[in-house]
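Residue numbers start at 1 and run along the sequence shown. This is a predicted model, so every value here is computed, not measured.
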Amino acid sequence: MVDKQGPGKAGREFIDIIRCHVKYGGSLTASAIEEATRLRTFSLAAVTSILNRLRAAPRSVECLDPNEHPLMAYKVVIPEVTQYQALLEDNHECVA
């Protein structure tokens, strides 16, 4: 980090990363730092991004009952196979 950014900026970013322990908790910050180290990225932006992803609660999806939501209910009409056959033939009769 010092090689890429110089001692001043690298020192400030290091301190800001340490301050993440106060804002996000030690365990979560340690996990984010470990992941950043595995990814070989050592910036505050990377650690913060990882922290935000780790903090995001997993979203659960629940099934909705179409009977409770009438706008979701729809009826699928399955056409007869003979109607498709009539479309494929060179017959221009209306099939209903």
Side-chain angles (χ1 to χ4, degrees):
M1 203 163 150
V2 174
D3 295 339
K4 292 182 181 179
Q5 299 176 347
K9 183 164 174 41
R12 284 190 297 276
E13 285 214 0
F14 176 75
I15 291 170
D16 288 338
I17 289 172
I18 298 301
R19 286 184 180 155
C20 288
H21 282 80
V22 174
K23 185 174 181 181
Y24 300 104
S27 176
L28 195 63
T29 303
S31 296
I33 292 171
E34 286 174 14
E35 186 172 336
T37 303
R38 278 194 313 274
L39 297 172
R40 302 190 50 77
T41 178
F42 307 104
S43 68
L44 174 63
V47 173
T48 305
S49 176
I50 294 168
L51 280 167
N52 288 331
R53 182 180 48 78
L54 293 175
R55 278 184 8 172
R59 298 177 186 218
S60 62
V61 178
E62 62 182 72
C63 294
L64 297 176
D65 183 6
N67 296 324
E68 294 177 10
H69 304 280
L71 294 177
M72 290 179 55
Y74 59 92
K75 183 179 178 183
V76 177
V77 178
I78 300 173
E80 294 292 323
V81 178
T82 55
Q83 291 177 329
Y84 284 114
Q85 187 61 36
L87 289 173
L88 293 174
E89 293 174 358
D90 195 21
N91 184 350
H92 298 292
E93 296 177 22
C94 288
V95 177

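Put simply, CG on L51 and OG1 on T48 are 6.0 Å apart, with the number rounded to the nearest 0.5 Å.
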Under 3.5 Å, which donor-acceptor pairs link side chains of residues 22-37 to any protein atom two or more places apart or in another chain?
from : atom 1 : to  : atom 2 : distance (Å)
T29  : OG1    : C20 : O      : 3.1
T29  : OG1    : G25 : O      : 2.7
S31  : OG     : S27 : O      : 3.1
E35  : OE1    : R53 : NH2    : 2.7
E35  : OE2    : R53 : NH2    : 2.3
T37  : OG1    : I33 : O      : 2.8

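Residues V47 and I15 do not share a hydrophobic cluster, clusters being chains of Ile/Leu/Val/Met/Phe/Trp/Tyr side chains in contact below 4.5 Å.
Panel note: side chain E13, backbone S43; no donor-acceptor pair is recorded below 3.5 Å.
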